[in-house]
Amino acid sequence: MGCVKPITAAQKPARCFALIDCNNFYASCERLFRPDLKFKPLIVASNNDGCAVARSAEAKALGIKMGAPIFKIQDLIRQHDVQVFSSNYALYADISNRVMTTLESMVPQLEVYSIDEAFADLTGVASAVSLTDFGHELRDKVERWVGIRTCVGMAPTKTLAKLANYGAKKYPKTGGVVDLTSQARQRKLMAITPVDEVWGVGRKLSKRLNTMGIETALQLADADLKTIRKAFSVVLERTARELRGESCLSMQDVTPTKQQIVVSRSFGSPVEGLDSIQSAVATFIVRAAEKLRYEGQSAKQATVFMRTNPFNTSDAQYSNSVTYELPVPTQDTRELLTLAQALCARIYRPGFRYTKAGVMLSDFYQPGVFQTSLFDVHEPKPKSKALMAVLDNLNKTKTGTLYFASQHGKTDWHMKRERLSPAYTTRWSDIPKAR
DNA sequence: TCTGGGGTCCTAGGACCC
DNA sequence: TCTGGGGTCCTAGGACCC
């Protein structure tokens, strides 16, 4: 009879995270339905066609930076026939869902971290197959099924997995997959990675780190933890620990409930009248209330803000916001709409050229949980739940089917989206035809 | 003329209480 | 009325992420 060895700590599979990240995601989505643009430089612009938020490899090679204002790179665009697209979030969200569903079918646990990237828990998988091989399987399947290229980084902590992914993107020789399980490889990559590429280290922090002589990821990993904690915060200390291989950030298996909902837009061109801003704010609060109900929450606080263009120094500047606390949380659009319009009027000042406004909902409660006081005389809107359900259902199939009168006032604030691609995957009339 | 939008977390400082 | 320590709660602002 063979003897069964007891499981020791040494045999416990080491923790392993993977980070799967889509390459140039928005640009790749646009190209999916335009194979004729395959090797052309292409960029996707932010709302109002303001700045570049995604670039194809060819556009990056031209030196177009992330966030570059479109009007500043007009010459480059003309010279190299750069294809510019307005952002088409309906398309990107749909493609993202397909990518995530594909990944979910292949890994034990997936945490969708953003529209174009996800963490997977590969603890245990590592002992069964070669991690690099598995990374390639993930990559190949997503590319075959959805048509989107990804890079895969694998390591014992999330921060190192991010770093591995950075390596997979940066160095083509890796074939888009980097296994950073071994400490020697971790240190090798960290030694040649600037500290500002580390997840959690932004512009401000890297500047301060540089002045302390910390320029590479490795130097941050080797820095004295107490000093880091004292000079910065627990956040950066955690980052340093993660770089050392100590896992501080775990998988988030359930999406945490939202703390706040913001809907705001820059206007297509400056507006002055209260009626214009109220029409914009009406649209924003209707959307915010819809999101709120989707989250299954009620809000007790609502904020409205508006401002002029801070970039235009020759214009008179004004910026203000006002927050109102409701006696009882609500998820009824009618109630929030009336409130938002009143708040809007309260902070509006004539004589300014406004370029942005927005609304925010916060202080959330699950419906029915809020304890009303004995003396509250709050009269809930009649048939609120049923009416909102009808509203949401009608608008689910086609946005704007049912709307409030105040949403359709002035339209001079509307966004600029002059180069919008069709909704290839989410609107029947836009589905591409195959001949 | 033209510079995105939507989030989270942490910290410092003030108010207030015992 | 003053003093000091210690705790909690709230808010504004700063930093980060994609």
Side-chain angles (χ1 to χ4, degrees), chain A residues 19-26 43-54 64-75 77 84-89 92-93 96 111-119 158-159 162 165-166 195-209 229-239 248-249 252 255-271 280 284 287-288 291-292 295 301 303 305 307-315 321 323 325 353 355-364 415-419:
Chain A
L19 180 75
I20 306 102
D21 190 315
C22 301
N23 300 357
N24 314 325
F25 185 58
Y26 295 173
I43 61 176
V44 175
S46 62
N47 283 340
N48 286 311
D49 299 343
C51 49
V53 289
I64 297 174
K65 296 266 178 286
M66 175 72 176
I70 303 288
F71 75 95
K72 278 192 182 168
I73 53 171
Q74 274 307 342
D75 286 346
I77 289 172
V84 182
F85 286 88
S86 303
S87 32
N88 185 345
Y89 290 104
Y92 313 148
S96 172
E111 174 194 336
V112 178
Y113 178 70
S114 76
I115 194 159
D116 72 337
E117 65 190 288
F119 286 102
K158 281 184 160 183
T159 305
K162 272 270 197 186
N165 193 284
Y166 161 82
V195 73
D196 62 312
E197 296 290 351
V198 172
W199 189 38
V201 178
R203 258 210 347 265
K204 292 274 170 68
L205 283 181
S206 67
K207 223 174 175 176
R208 282 175 59 199
L209 284 165
R229 169 89 176 241
K230 232 180 133 188
F232 300 92
S233 71
V234 287
V235 188
L236 196 64
E237 184 196 345
R238 209 148 49 204
T239 301
C248 305
L249 306 167
Q252 303 250 258
T255 34
T257 46
K258 280 199 200 312
Q259 307 291 307
Q260 58 174 37
I261 288 169
V262 179
V263 178
S264 74
R265 292 283 180 280
S266 292
F267 304 146
S269 51
V271 300
F284 302 158
R287 177 71 187 119
K291 286 186 181 183
L292 183 67
E295 290 284 315
Q301 275 191 353
T303 303
F305 68 89
R307 66 160 171 76
T308 52
N309 182 4
F311 296 107
N312 188 344
T313 42
S314 58
D315 264 9
S321 76
T323 302
E325 176 128 10
R353 289 155 50 80
T355 53
K356 185 174 181 173
V359 302
M360 194 190 307
L361 297 176
S362 51
D363 198 7
F364 294 161
M415 282 201 298
K416 240 188 282 179
R417 292 173 97 187
E418 285 165 0
R419 296 153 176 275

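Per chain, numbering begins at 1; letters A, B, ... match sequence-line order. Just so it is clear, the values below take in all heavy atoms, side chains as well, and ignore hydrogens, waters and symmetry mates.
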**Student:** Where the side chain of Cys51(A) is defined as all heavy atoms beyond and including C-beta, which of dC17(C), dT3(B), dC16(C) is the nearest nucleotide?
**Tutor:** dT3(B)
**Student:** Below 4.0 angstrom from OP1 or OP2 of dG4(B), is there any side-chain N or O of Lys416(A)?
**Tutor:** no
**Student:** Please list, by residue number, the residues of residues 260-267 of chain A whose heavy atoms come closer than 4.0 Å to an atom of DNA chain B; answer none if no residue qualifies.
**Tutor:** Gln260(A), Ile261(A), Val262(A), Val263(A), Ser264(A), Arg265(A), Ser266(A)
**Student:** Classify the side-chain pair Ser46(A)/Asn48(A) by whether it contains a donor and acceptor separated by less than 3.5 Å.
**Tutor:** no
**Student:** Would you mind classifying the nucleic acid contact of Asp116(A) as base, sugar-phosphate or nothing, using non-hydrogen atoms under 4.0 angstrom?
**Tutor:** sugar-phosphate
**Student:** For Ser362(A), check side-chain hydrogen bond (donor to acceptor under 3.5 Å, both in side chains) against everything at least two apart and list the hits.
**Tutor:** Gln301(A)
**Student:** Is the distance from OP1 or OP2 of dG6(B) to the nearest side-chain N or O of Lys258(A) less than 4.0 Å?
**Tutor:** no
**Student:** May I have the distance from Met66(A) (atom CE) to dC17(C) (atom P), rounded to whole angstrom?
**Tutor:** 12 Å
**Student:** Have a look at Lys72(A) and say if it touches a base, only the backbone sugar-phosphate, or nothing, with a 4.0 Å heavy-atom cut-off.
**Tutor:** nothing
**Student:** My understanding is that only residues two or more places apart in sequence, or in another chain, count here; which of them pass side-chain contact (heavy atoms from CB on, under 4.5 Å) with Gln259(A)?
**Tutor:** none
**Student:** Who are the side-chain hydrogen bond (donor to acceptor under 3.5 Å, both in side chains) partners of Asp116(A), not counting sequence neighbours?
**Tutor:** Ser114(A)
**Student:** Just how far, in rounded Å, is P of dC17(C) from CG of Asn165(A)?
**Tutor:** 15 Å
**Student:** Can you give me the dot-bracket string for DNA chain C, 5' to 3', counting Watson-Crick and G-U wobble pairs with both distances under 3.5 Å, using [ ] for crossing pairs and | for partners on another strand?
**Tutor:** ....||||||||||||||
**Student:** In chain order, what residues pass the side-chain hydrogen bond (donor to acceptor under 3.5 Å, both in side chains) check against Asp363(A), with sequence neighbours excluded?
**Tutor:** none
**Student:** Among all residues two or more places apart in sequence or in another chain, which pass the side-chain hydrogen bond (donor to acceptor under 3.5 Å, both in side chains) test with Arg419(A)?
**Tutor:** none
**Student:** So which nucleotide from dA15(C), dG5(B), dC2(B) ends up closest to the side chain of Pro270(A)?
**Tutor:** dC2(B)
**Student:** If the condition is side-chain contact (heavy atoms from CB on, under 4.5 Å), which residues does Lys291(A) pass it with, not counting sequence neighbours?
**Tutor:** Ile261(A), Val263(A), Arg287(A)
**Student:** Which residues satisfy the side-chain contact (heavy atoms from CB on, under 4.5 Å) test with Ser321(A), sequence neighbours excluded?
**Tutor:** Thr303(A), Phe305(A)
**Student:** Just jot down the salt bridge (charged side-chain N to carboxylate O under 4.0 Å, His left out) partners of Asp49(A), sequence neighbours excluded, or say none.
**Tutor:** none
**Student:** If each of Phe71(A) and Lys291(A) is mapped to the nucleotide of DNA chain B with the nearest heavy atom, which maps nearer the 5' terminus, i.e. the 5' end?
**Tutor:** Phe71(A)
**Student:** Relative to each other, are the rings of Phe119(A) and Trp199(A) parallel, tilted or perpendicular (30° and 60° limits)?
**Tutor:** tilted
**Student:** Do you know which two heavy atoms are closest between Tyr92(A) and Ser86(A), and how far apart they sit?
**Tutor:** OH-O, 3.9 Å
**Student:** Compare the minimum distances between each of dG5(B), dC17(C), dC16(C) and the side chain of Asn47(A), then state the nucleotide with the smallest one.
**Tutor:** dG5(B)
**Student:** For nucleotides 9-13 of chain B, print each protein N/O atom paired with a nucleotide N/O atom at under 3.5 Å, atom names and distance only.
**Tutor:**
residue, atom, partner, partner atom, Å
dC10(B), OP1, Arg238(A), NH2, 3.4

**Student:** With sequence neighbours left out, write down each residue that passes salt bridge (charged side-chain N to carboxylate O under 4.0 Å, His left out) with Glu237(A), or none if nothing qualifies.
**Tutor:** Arg229(A), Arg241(A)
**Student:** Between dT3(B) and dC18(C), how many Å separate the two P atoms, rounded to a whole number?
**Tutor:** 24 Å
**Student:** For Lys207(A), report the nucleic acid contact type (base, sugar-phosphate, nothing); a contact means any heavy atom under 4.0 Å.
**Tutor:** nothing
**Student:** To the nearest Å, how far apart are Ile73(A) CD1 and dT1(B) P?
**Tutor:** 19 Å
